[in-house]
Amino acid sequence: MKISQSRFVSALLLGLMASGTQAQELVIRIDSVSLVGDYDPALGGLEIKEQRDSNGNVLNAIVTAFPKAGTNFTGWDTLNFLNRCDPAKTQCVIPRAVLKAATRQPRIYAKFAKSTAVLLLHGMNSDISTWGAVEADMIKLGFSGKCTSLSATEKPNQKRDADAVRCFRLGAASRDKILNVRTNVPQTWKNGDALTFSELGAEVTQTLQNIQAGYPGIGSFVLVGHSRGGLAARAAFVGNAPIISKVKGVVQIGTPNQGSVFGRIQQWLVSNPRPKGWGSCPTGDGVLSQYCATPGPNGQPSERDRDQAWQQATAAAAAGTDLGSPTIGYLAIGSPQLNSLNQYSLPSWVKTATVTSTGVPLGQVIGWDGRPWAGIDLLTPAWGLMTMATPWKLPDFTRNFVLSGFSLKSGQSGLSADSDGIVHIWSQLKLPASNPPTNYPVSKTHHVNETGNAAVINAIRSAISSM
């Protein structure tokens, strides 16, 4: 179909005005023909050169498009001559004969489009390494297969990040000298494990601003959060910073939107300080054992209850999960921090997706080596954490406290609640959002392994394709 030059230019200008910029023209005379190049300078640049033979005769016009950082090159449009340009290549060679054959002034338009970037947010007791499988799989979505790692205070480096534009991994900052309720000693917490949800949200916002400043061609974002990272994504919207309007999608993976029972262990430790004779209560039938087993006043836990719970918490810290972490308490079902966050819903313009995991008994925490005993097991009373030869358990008093508070809400009772081992399904699914999320369920994938599931890429694809 033929269109007039005026219609072509009018359509070009309308498109550029919609993006807030003005059309830029580059005119070069190729032999006796003037070739006009059109492009959007906000998104890229254009260069037209002559190509001559050894005798100085003009052979071709070489047109090269230069997309700006974060911008996608999407092809070429031509007017008044046959378009032989490969839409996948940023350089086009136009033979002199083709230009000479044009009945009217030939024009070529380099097409650019703003891209969507993905920001990956890790969870508690985790770091950016959790995204290794996702990073490798991003190539299926047209990404490079490599993601740039950033902190909230680190600005992207265009040269360093050239092969990783559009995929970023945020490492949550540490927090100095916050009390560990298990040791009663202030300590420095790694990977954001002492940050409030508000502080996590501020880190996400600052990182988005830094990415946008470094890559003006990025027009929108998708936030992908595992576990607590999904709450960090939600918290970024609370501040209502201008950059948040560019977040068009949120993907949550095993996120405790309504909390986790494990947070209640930290609450129990706060309410039941370590006994003076900690570690001295035997498990036999002697007089001391009977004394240790005597309930405290008004039905409070016995010395043995407290002793065993504190030993369990200490062993969990040795296995890599410190139940004295401030974030553990924030993630407790019904915590003030979580209740405050849940007053806010994600806005209607945000496409939401969830990856929810079931089929793992609630309480089964797999440690760093993958062995089911290398963590707290709330499910099996006779088997706990300490060592394979010394089975410990959470005392019944502690267990009952931990498991209370969610069964009526979830419609499932206590230990029968379906989960990914750490977060029960009711909490994973209850995402406060104006639009219900698209859910990608998986079965028998433990919480710590969820980011390696193929459903994650499908969820990200869903969020991106909706834009």
Side-chain angles (χ1 to χ4, degrees), residues 121-125 172 175 178-181 189 192-205 223 225-241 244 247 250-272 321-348 350 352 354 356 362-363 378 398 400-414 417 419-420 422-437 447:
L121 309 170
H122 66 77
M124 189 206 80
N125 199 43
R175 178 73 174 270
I178 301 298
L179 186 71
N180 183 333
V181 299
W189 296 90
D193 283 357
L195 298 181
T196 65
F197 298 136
S198 175
E199 290 169 329
L200 288 167
E203 285 203 350
V204 174
T205 299
L223 304 180
H226 177 234
S227 194
R228 184 200 64 188
L231 300 179
R234 286 176 46 203
F237 287 84
V238 177
N240 202 30
I244 291 301
V247 177
V250 169
V251 177
Q252 291 189 331
I253 308 163
T255 295
N257 285 300
Q258 301 300 317
S260 169
V261 295
F262 284 91
R264 294 178 65 79
I265 298 177
Q266 197 256 15
Q267 292 181 337
W268 194 91
L269 295 176
V270 171
S271 302
N272 297 275
T321 301
D322 196 336
L323 300 173
S325 159
T327 295
I328 287 275
Y330 300 156
L331 293 172
I333 296 169
S335 74
Q337 295 83 2
L338 198 54
N339 287 342
S340 176
L341 178 61
N342 283 339
Q343 294 178 16
Y344 298 90
S345 295
L346 293 178
S348 58
V350 178
T352 56
T354 54
T356 58
L362 181 65
L378 295 177
T398 312
N400 293 337
F401 173 83
V402 167
L403 292 175
S404 65
F406 82 94
S407 58
L408 293 178
K409 298 177 183 178
S410 66
Q412 298 172 317
S413 60
S419 76
D420 61 5
I422 295 179
V423 185
H424 53 82
I425 187 64
W426 166 74
S427 186
Q428 294 180 59
L429 284 171
K430 206 166 180 63
L431 166 62
S434 298
N435 296 319
H447 188 79

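- Listed for the Q252 side chain is a donor-acceptor partner under 3.5 Å among the backbone atoms of G230.
- Remark: T356 OG1 to W426 CH2 distance equals 15.0 Å, nearest 0.5 Å.
- Side-chain atoms of R228 and D193, non-hydrogen and from C-beta on, do get closer than 4.5 Å to each other.
- Here the side chain of T205 pairs a donor or acceptor atom with the backbone of G201 at under 3.5 angstrom.
- A donor-acceptor contact shorter than 3.5 Å is absent between the side chain of H447 and the backbone of S419.
- Minimum interatomic distance between A232 and V204 (heavy atoms only, all atoms of both residues): O-CG2, 3.9 Å.
- For the atom pair CD of Q258 and CG of L431, the computed distance is 9.5 Å after rounding to the nearest 0.5 Å.
- When each of D420, T354, I253 is tested with Q428 by the rule side-chain contact (heavy atoms from CB on, under 4.5 Å), just one qualifies, namely D420.
- Considering all non-hydrogen atoms of both residues, I178 and W189 come closest at O-NE1, 3.0 Å.
- Between the NE2 atom in H424 and the CG atom in L429 there is a gap of 11.0 Å [rounded to 0.5 Å].
- Of the listed residues (N257, L341, L346), just one forms a side-chain contact (heavy atoms from CB on, under 4.5 Å) with P432, and that residue is N257.
- Distance check: S427 OG to I422 CD1 gives 12.0 Å after rounding to the nearest 0.5 Å.
- F197 is not listed as a side-chain neighbour of T327, based on a closest heavy-atom distance of 4.5 Å or more.
- Closest heavy-atom contact between S335 and G329: CB-O, 3.5 Å.
- Inter-residue side-chain proximity for V261 and I333 is flagged as met; some heavy-atom pair is nearer than 4.5 Å.
- Side-chain contact between Y330 and L231 is absent, with no heavy-atom pair separated by less than 4.5 Å.
- Only one option out of T255, T352, L200, N342 pairs with R234 in a side-chain contact (heavy atoms from CB on, under 4.5 Å); it is N342.
- T196 is not listed as a side-chain neighbour of Q337, based on a closest heavy-atom distance of 4.5 Å or more.
- The two residues G334 and N339 come nearest to each other via the heavy atoms O-ND2, 3.1 Å.
- The shortest distance between side-chain heavy atoms of M124 and S227 does not fall below 4.5 Å.
- Atom CG of L331 and atom OG of S325 lie 8.0 Å apart (nearest 0.5 Å).
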